[in-house]
Structures are given as structure tokens and as C-alpha cells.
Amino acid sequence: MAIEVTQSNAVMLPTLERFRQINDAFPKTGEILEHKSKGGKVFGWLCTYVPEEILHAAGILPVRVTGYSQEMELEDGNAYLYINNCSFSRSCLQMGLRGEYEFLDGMVAGSTCDGARRLFDLWQYYIKTPFHHILTVPRKYTGKAHDLYYQQVTQFKEHLEEFLGRKIPDEQLINSIEVFNRSRALLKQLYELRKADAPPISGAETMEVLNASFRMPKETFNRWLKDLLEELSKSSITHKGRARLMVVGSVMNNPEFINSIEAQGGLVVTDELCTSTRYWSDPVVVEKGESPVKAISKRYLNNFPCARMVPSDERFNRILNLVKEFRVDGVISQIIRYCVPYAHDLPLLRDRLKEVGVPVLALDVEYGTSGSGQIQTRVQAFLEMIEARKR
Amino acid sequence: MVSETKKSKIDAIIRASRLIMRMNQANPASPKSEALYYKMLTSYYTCLLNAHDEGKFIAAHTVFFPSEILYAMDIVPMHTETTTWMMALFLGEQAEILSAGAELGLVPEICSPHRGLAGAFSLGALPRPDAMLWSNLICDNTAKSGELIMEINKCPGFYLDHPFQRSETEDKYFLGELEDMICFLEEKSGQKMDWDKLSKIVQRMDHQMELFREIGELRKTVPSPFPNRGFLQLLTTDYLCPGQPEAIEYLEALRDELAEMVRERKGAVSPERFRLMTLFVPPMYLMGFLEKIGQEYGVVSVVEPLFTRWAEGRLDPSQPLESVARKAAMIPERRSMYGPLGQEALQDLVDCAEQYKVDGAVYWAFMGCRHTCATVKLFKDLLNEVDVPVLTIDCDIVDPTINSEAEIREKMEQFFELLEDR
Ligand code: SF4
Ligand code: SF4
């Protein structure tokens with residue numbers, strides 16, 4: 001039994017359709033090609049610790065490097081990264097080796113996890129994008145860690161300036177902060193709508209919006225998202241499920257996966273994914289007298305943490321807050337095979353959720369999975385268990 | 001008090017190493033260094049066994065951890081990975097501890113030493129530490145292992161953050177981390193840092209590093225005097241006893257024996273037919289087999305660039321903490337297993353092949369170790385460019401059920417044939 005939608009999906013909101021078209025054209029979206037045709041540079045970035053504002057302020061279009069939102073043949077990815085690196089990093093490399101990211105003028109990563117850092121190493125060696133940079137990202141939130149990260153972001157900015165042969169002025173950075181904060185605020189509004197008993201947008205649709213946000217200029221994205229919010233406010237479409245679910249775990253940006261859960265009646269109302277909530281959750285706050293670079297570095301290190309950070313409690317507490325705010329009945333943890341940071345956290349997270357009476361369905365997946373028969377069976381059983389608990 | 005079961009497990013390691021030590025001492029043909037190595041192991045585990053009875057504080061720590069600091073504070077270190085696997089190897093309990101790890105909810109993709117580690121603690125098979133110390137040197141598994149162990153043992157912990165790259169700011173950050181860790185340890189253990197003692201340890205560590213380099217140089221000789229089984233011994237020496245007199249005693253004896261063999265033009269295998277580079281670590285339970293196959297085919301591992309090739313540079317006892325930090329940046333593993341894989345590290349691999357006159361390389365692709373396997377193809381490409389063929393063997397370093405000795409033998413024999421034909 002699928003989630004109940006008051007109107008058929010055929011009557012798709014026009015802006016949602018536009019977002020979907022962007023994703024259909026991935027990786028060479030019209031917006032990216034247009035930016036290039038005007039002589040603009042496009043840089044790829046690899047994880048949420050890379051401060052996009054710096055790139056944006058330099059006039060560069062930042063594009064998130066991902067694989068396709070579906071499972072793909074990973075022959076080269078397997079050969080180069082070996083089969084025991086997560087299928088996310090192998091998918092990205094596969095696309096890079098196939099030349100599908102040949103439009104990139106630069107590649108920026110953070111030392112976030114083994115999968116990402118090795119992907120960066122091999123990208124640099126075999127794909128040879130003109131500019132490469134990796135930031136040391138501390139795993140702590142201490143004052144000293146913030147000092148280090150500030151130095152790293154400053155160094156990244158300087159490296160970029162050297163590459164471009166021009167300075168990035170503070171005013172540009174302030175402007176970029178505003179653009180990105182606007183985006184975050186709009187995404188927050190979108191998520192607020194999902195707190196309703198019968199939200200006007202499904203989990204899978206929300207993921208389409210997020211995916212598009214990585215693949216187009218933020219200014220355009222903000223305009224479109226504002227349009228979408230307006231359309232949603234006027235729309236009579238609602239979604240209601242057998243249970244309200246939250247998805248946590250490794251990087252995941254496949255709407256089809258969420259669709260496969262929602263097709264069985266599990267309404268995905270929120271998440272803790274680096275492609276979703278963790279991407280937009282915290283704004284950059286520039287304190288009085290503070291440099292924009294400092295404010296940016298502070299935000300990126302303090303942002304809703306990835307499982308790589310220590311202590312993990314910070315991440316767990318944020319998840320527990322979301323569970324409460326979005327009235328979550330059950331959590332689906334999807335961990336990509338060989339994604340060690342998330343796999344290590346699972347036993348502890350499961351205990352924390354158990355303490356508040358929230359069941360967890362732990363799925364071992366490959367990046368891009370759309371939810372196989374076996375996954376569907378397990379989701380089905382999970383939903384039945386939640387329903388039985390409610391009775 | 002350490003419970004009787006835990007005592008008996010650590011005791012079993014001690015009894016086993018004591019036995020080997022005595023056998024070596026009784027055998028006139030056995031090199032003196034062998035007995036000294038087992039004497040060092042015996043002493044390390046005896047300290048651990050008696051620690052709580054003697055009112056000492058035990059700090060468990062992950063691999064590549066600056067345990068010099070613990071020794072200087074009179075805190076008893078417990079190298080978690082090594083202790084777990086010594087126990088597994090000596091007592092044959094791999095399956096039990098791995099399944100205990102699985103019961104905790106750790107998936108098979110997590111590297112087996114770490115699954116086993118958590119499993120061993122949950123079974124109560126290791127002494128309960130008074131504190132857990134862990135770091136991101138060298139991988140996500142080490143970085144993520146501490147909190148679960150703290151939870152299992154209900155003990156406090158400190159995570160030591162290693163910056164990914166090197167710069168003045170990053171070095172300063174790491175120094176700050178070490179200072180914070182000392183404060184944590186002082187507070188939890190009631191022990192004070194003895195800076196003079198640390199300075200002496202640093203002085204000995206500096207000498208120890210020189211010894212490692214000298215041993216490395218001697219192995220360049222044709223025929224190479226160093227036996228295949230010695231690799232893990234070199235590793236555990238720095239893992240367990242950095243800057244300790246027992247380590248120096250062992251390494252000096254080993255260096256002298258190797259120098260003597262070089263003078264006499266004696267090789268570890270005779271005749272020496274193939275000189276191999278070992279990439280990553282062979283399965284620990286195969287050490288005896290590798291020794292045997294080496295003798296049969298005249299094959300000797302002459303260099304392990306990821307583990308035994310120490311960077312140049314000295315430590316300064318007048319700056320003990322800075323030196324501990326510097327050493328962390330100089331360990332061989334730091335060069336190509338952690339930090340961005342720059343041109344320098346890659347060039348070093350190629351130089352190594354040339355300097356050690358390597359005929360071929362064996363990459364032990366441990367499926368649990370993601371970041372090293374990610375370099376299999378890259379290293380292969382680089383070594384092939386200088387005409388060094390590479391054999392890749394998928395394996396698990398501690399779980400003998402993954403591949404049989406017979407399979408590995410077959411692969412190696414085919415590789416030796418290929419080397420022969422060249
Ligand atoms: S966090 Fe996990 S999924 Fe993401 S790159 Fe790292 S290992 Fe891969
Ligand atoms: S074997 Fe590899 S993954 Fe496991 S602890 Fe060692 S370096 Fe890390």
C-alpha cells in the first residue's frame with residue numbers, strides 16, 4: 001500500500017517538474033553548460049565540509065560531484081579504487097574516468113573519510129582536472145580545531161586566488177553568504193511543511209529539489225524554490241503514510257530509493273543525509289567585526305556533523321531532535337557497504353534511539369540503489385511492526 | 001583487579017612468548033635477537049598483567065599511537081590491535097572474537113582487527129582499561145573505534161586528532177592535541193608527566209629510528225640477510241615498546257647479526273632467487289608459511305615501503321613533546337597511507353624498488369582496509385613503469401577462513417614462474 005496522495009502525481013507542480021528536468025540532464029545540466037558558455041568556471045566539490053561560498057564568491061559555479069542516482073556498472077571504479085571502497089566513491093570515479101565530468105575546471109575535497117580522500121588522490125592522478133585542493137578537516141569542535149579549519153579555509157581561498165590570478169574581495173564573500181543562507185532558509189521552509197500530518201510534498205520529491213540544488217546556480221535555484229513554495233502553499237496535494245519515517249546514514253541522493261519506501265506507505269518526512277538536511281541545516285552567521293572567511297569556516301565545522309566527527313553524541317543529539325520535531329515513528333539507516341564512519345556509529349545510534357522508543361531498520365546498500373525486492377520486503381515488515389506498536 | 005579469565009588470557013600470551021624465548025635461547029643456531037624479541041613481548045605483557053594489582057593505570061590505545069607519552073607518565077599501555085591479535089594467534093580465538101564483534105552490530109565490512117577488538121572487549125577477554133585513547137592515524141576504523149570501546153568498558157576516553165596534511169599550523173594543532181591528552185591523562189590517572197623521562201625516551205627513540213634505518217640499509221644487500229618472518233617483529237617493536245630499553249636491545253642485536261651476515265655474504269634464503277617488495281601486511285597467520293615458501297623458492301621480502309621505511313630526520317630530546325609529534329609524522333605509514341598521496345610518496349615507492357633491486361612486488365589486498373586497497377592499481381601502474389610486476393592477493397589479515405594456504409601458494413608459485421621467465 002503506497003502513501004496516500006490526494007491528487008495523482010500526474011498533476012506535478014510545474015517547478016517540481018523543472019527541478020526534475022535539471023536532474024534528468026545530469027551531469028551536463030543546461031545550467032552548467034550555460035555558465036560554461038559564458039566563459040565561467042565550474043568546480044566539483046566532494047563533501048559537505050567544502051565551503052561552497054568561497055567558490056561562489058570567486059565567480060565559480062560549484063557543482064557537487066556524485067554518481068548517477070542509480071546503480072551503475074563500476075568496472076573502472078572497481079579497478080582503480082578496488083571493490084572495497086564505498087560504491088559512492090567508485091561511482092564518482094567511474095564517471096570521472098569516463099569523461100563525464102570533463103567540464104570541471106577544478107576539484108575540491110575535504111579529508112573527511114578514507115573513501116573521499118582516496119577518491120581525491122586518484123582523481124588528481126588519473127583525471128587531472130586543472131585545479132585540485134583538499135582541505136584538512138579536523139574531527140573535533142574545539143577552539144584549536146576551529147583555528148586550524150580557519151587556516152585551511154584561508155589557504156584554500158589563497159590557492160584559488162593564485163589559480164585565478166585575482167583576489168576574492170570580502171564584499172563578494174558577504175554576498176555569497178547571503179545567497180547560500182537564503183537557500184538554506186528556503187530549504188528549511190520546505191522541510192517545515194513536512195512536519196504536517198499530511199505534507200504537501202513527499203520525501204522523494206524533496207530529494208529531487210535537493211539534487212537540483214547541487215547542479216545549478218544558487219541564485220536561480222533560490223528563485224525556483226521560492227516559486228515551488230508558493231505553488232505548494234496553493235496546492236491541495238497532500239501525502240499521508242502508514243508511518244512517518246526518517247532516513248539516516250551514508251550519502252544518498254536517489255529519489256527512487258525514497259520512492260520505493262513511500263510506495264509501501266512509509267512517508268519519509270525528514271532525514272540526516274549529507275545530501276539533504278546536513279547540507280542546508282545551519283546558516284553562516286557573521287558576527288560583528290568578524291571576517292567572512294572566519295564565519296564560513298566556523299559554520300562548516302560546526303554544521304550538523306557527519307559520522308566522521310568526534311564525539312558522535314553531537315550527531316546523535318541532532319538526530320534525536322529531528323525525530324522529535326518531525327514526530328518520526330521509525331528510522332531507516334541505510335549504510336553503503338564499506339562506509340566505515342556510519343557503520344561504526346550504528347550500534348551506538350541504535351541504542352540511543354531505542355532509549356526513546358524509536359525502532360531502526362538497518363539496511364546495507366550500494367550507492368544508487370533504488371530499493372531491491374529484498375529491501376522492500378524488509379521495509380514492509382518494518383512498517384507492519386511500527387503499525388503493530390501503534391495499535 | 002584483573003579478573004581471572006582475563007589474567008589467564010594475557011598469561012597465555014606470556015607463557016607462549018616465554019616458551020619461544022627459551023626455545024630460542026636453548027638453540028645455539030637461533031639468532032640472539034629472536035630470544036630478545038620474545039623477552040620484550042614477555043615483559044610488555046607481564047606489565048599489563050600485573051598493572052591493576054600494582055595499582056597502575058591502564059590506557060588502551062589504537063595503532064600508531066604515541067605511547068612514548070604513556071611510558072613517561074608511568075601509565076601502562078595496552079596496544080589494542082596487537083593485544084587482540086596476539087591473543088587470537090596464540091590462543092586461536094579469531095572466530096570467537098569476530099562473532100562477538102558482529103553481535104555488537106559491527107558489519108563485516110569493518111576491518112577485522114577492529115571488529116575483533118570491540119568483540120574482545122565485549123567478551124571481557126582483555127583487561128578493562130582505565131581510559132581509551134584513539135586517533136585517526138591511520139584510517140576511519142581507528143578514528144571510529146574509540147567510542148564503542150568506551151561504552152563497553154564504561155571508561156573515559158580521549159580522541160587524538162591528527163591533521164591530514166602538514167604545515168606549521170597543522171603541526172601546532174597536533175602539539176596542542178598532545179598537550180590536551182596529557183592534561184586528560186593527568187586528571188584521570190592522577191599521574192604526572194615526567195618530562196625528564198620523556199626526554200630520555202625520545203633520545204632512545206631517536207636511536208631506535210636510526211636502528212630501523214640501518215636495518216633497512218642492510219636489507220639492500222644482495223643477498224638480503226633479513227628473514228621473511230621478521231617483518232611483523234619489526235612492526236610490533238615500535239607498536240609496543242617505542243623508546244624502551246628492551247626494544248633497543250633487540251634491534252641492536254638484530255642489526256649486528258644482519259651486519260655480520262652481510263660481511264659473510266650470507267642471505268636469509270639460499271640461494272636468493274627473487275627479491276620482493278611487500279605492500280601492506282601479509283596475513284599474520286601466514287608468517288610461518290611465508291617463511292617456508294621463501295626457503296623453498298629462494299624468495300625474500302627485502303622492503304615493505306608502507307611499514308618499514310622510516311623517513312630521514314632526528315628527534316631532539318631537549319624538545320620532547322615536539323619530538324613525539326615529529327616522530328608521528330616520520331613513521332613509514334604516514335607517508336603513503338595517510339595524508340594526500342603526493343608525488344613525493346609515489347616517487348619514493350619507485351625509488352624503493354630500484355634501491356632494493358626488487359624483482360617483483362606482492363600487494364596483500366586486505367579487504368577490510370579500504371584506503372590501502374585504493375592504491376593497488378596506482379602502485380601497480382607505477383611499479384610496472386619501472387618493470388616490476390605486482391601480484392595482488394585478496395586476503396584478510398587475521399581471519400584464516402577467507403582464503404586457504406593452498407590458494408595462496410598456487411598464486412605465489414605462478415608469480416614465481418612469471419619472475420623466472422623474465
Ligand atoms: S562517508 Fe561513507 S559513503 Fe561517504 S564517501 Fe565516506 S565512506 Fe563513502
Ligand atoms: S587494517 Fe587498514 S583499515 Fe584496519 S586499522 Fe589498519 S589501516 Fe585501518
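Just the heavy atoms: all of them, side chains too, but no hydrogens, waters or symmetry mates, feed the values below. Just so we're on the same page: letters track the sequence lines, and every chain starts at 1.
Annotation: side chain of A:Asp364 is in contact with side chain of B:Val107 (closest heavy-atom distance under 4.5 Å). For the pair B:Leu341/A:Arg117, no side-chain contact is recorded, criterion being any heavy-atom separation below 4.5 Å from C-beta on. At a threshold of 4.5 Å between non-hydrogen side-chain atoms, the residues B:Phe366 and A:Asn84 do not count as touching. Put simply, the side chain of A:Ser312 reaches to within 4.5 Å of the side chain of B:Lys144, judged on heavy atoms.
Proximity to chain B is absent for every atom of A:Phe120, based on heavy atoms less than 4.5 angstrom apart. Heavy-atom distances place the side chain of B:Tyr173, and not its backbone, under 4.5 Å from chain A. For chain A, the nearby part of B:Cys369 is the backbone; its heavy atoms alone come within less than 4.5 Å. When heavy atoms are compared at a cutoff of 4.5 Å, B:Leu104 approaches chain A solely by way of its backbone atoms N, CA, C and O. Contacts of A:Ile83 with chain B are made by side-chain atoms alone, with heavy-atom separations under 4.5 Å and no backbone atom involved. Using a 4.5 Å cut-off between heavy atoms, A:Leu348 contacts chain B through its side chain alone, with no backbone atom that close. The part of B:Ile138 that comes within reach of chain A is its backbone (N, CA, C, O), which places non-hydrogen atoms under 4.5 angstrom from that chain.
Interface remark: of the candidates B:Glu151, B:Arg115, B:Glu170, B:Glu170 forms the most heavy-atom pairs closer than 4.5 Å to chain A. Taking B:Leu378, B:Val376, B:Asn136, B:Leu106 one by one and counting their heavy-atom pairs under 4.5 Å with chain A, the maximum is reached by B:Leu378. For the set B:Gly105, B:Ser167, B:Cys139, B:Pro163, the entry with the most heavy-atom pairs within less than 4.5 Å of chain A is B:Cys139. Options A:Arg90, A:Arg337, A:Gln124 differ in how many heavy-atom pairs under 4.5 Å they form with chain B, and the most are formed by A:Arg337. Between chain A and the options B:His162, B:Lys172, B:Glu177, the largest number of non-hydrogen pairs under 4.5 Å is found for B:Glu177. Among the candidates B:Asn141, B:Leu346, B:Asp180, B:Leu148, the residue making the largest number of heavy-atom pairs closer than 4.5 Å to chain A is B:Asn141.
For the side chain to side chain donor-acceptor pair (under 3.5 Å) with A:Tyr82, the lone residue among B:Thr375, B:Asp394, B:Thr392 that qualifies is B:Asp394.
Side-chain polar atoms of B:Asp381 and A:Tyr125 form no donor-acceptor pair below 3.5 angstrom.
Side-chain N or O atoms of A:Asn85 include one that pairs as donor or acceptor with a backbone N or O of B:Arg370 at under 3.5 Å. Looking only at distances, no side-chain donor or acceptor of B:Asp140 sits under 3.5 Å from a matching main-chain atom of A:Cys113. B:Gln165 places a side-chain N or O within donor-acceptor distance of the main-chain N or O of A:Ile134, the cut-off being under 3.5 Å.
Interface with chain B: from residues 151-159 of chain A, residues A:Gln151, A:Gln152 qualify, criterion being any non-hydrogen pair under 4.5 Å. Residues of residues 338-346 of chain A that come within less than 4.5 angstrom of chain B, heavy atom to heavy atom, are A:Tyr338, A:Cys339, A:Val340, A:Pro341, A:Ala343, A:His344, A:Asp345 in numerical order. Heavy-atom proximity under 4.5 angstrom to chain B picks out A:Arg139, A:Lys140, A:Lys144, A:Ala145, A:Leu148 from residues 139-149 of chain A.
Here the closest heavy-atom approach between residue B:Ala374 and residue A:Leu122 is recorded as O-CD1, 3.6 Å.
Under a cut-off of 6.0 angstrom, the local environment of CD in A:Glu161 is crowded, with over 12 non-hydrogen atoms contributed by other residues, nucleotides or ligands. Within a 6.0 Å sphere centred on NZ of A:Lys294, other residues, nucleotides and ligands contribute more than 12 heavy atoms.
Shown here are the salt bridge (Lys or Arg N to Asp or Glu O under 4.0 Å) partners of B:Asp351, two or more places apart in sequence or in another chain: there are none.
The distance from the CG atom of A:Asp76 to the NZ atom of B:Lys377 is 9.0 Å, given to the nearest 0.5 Å.
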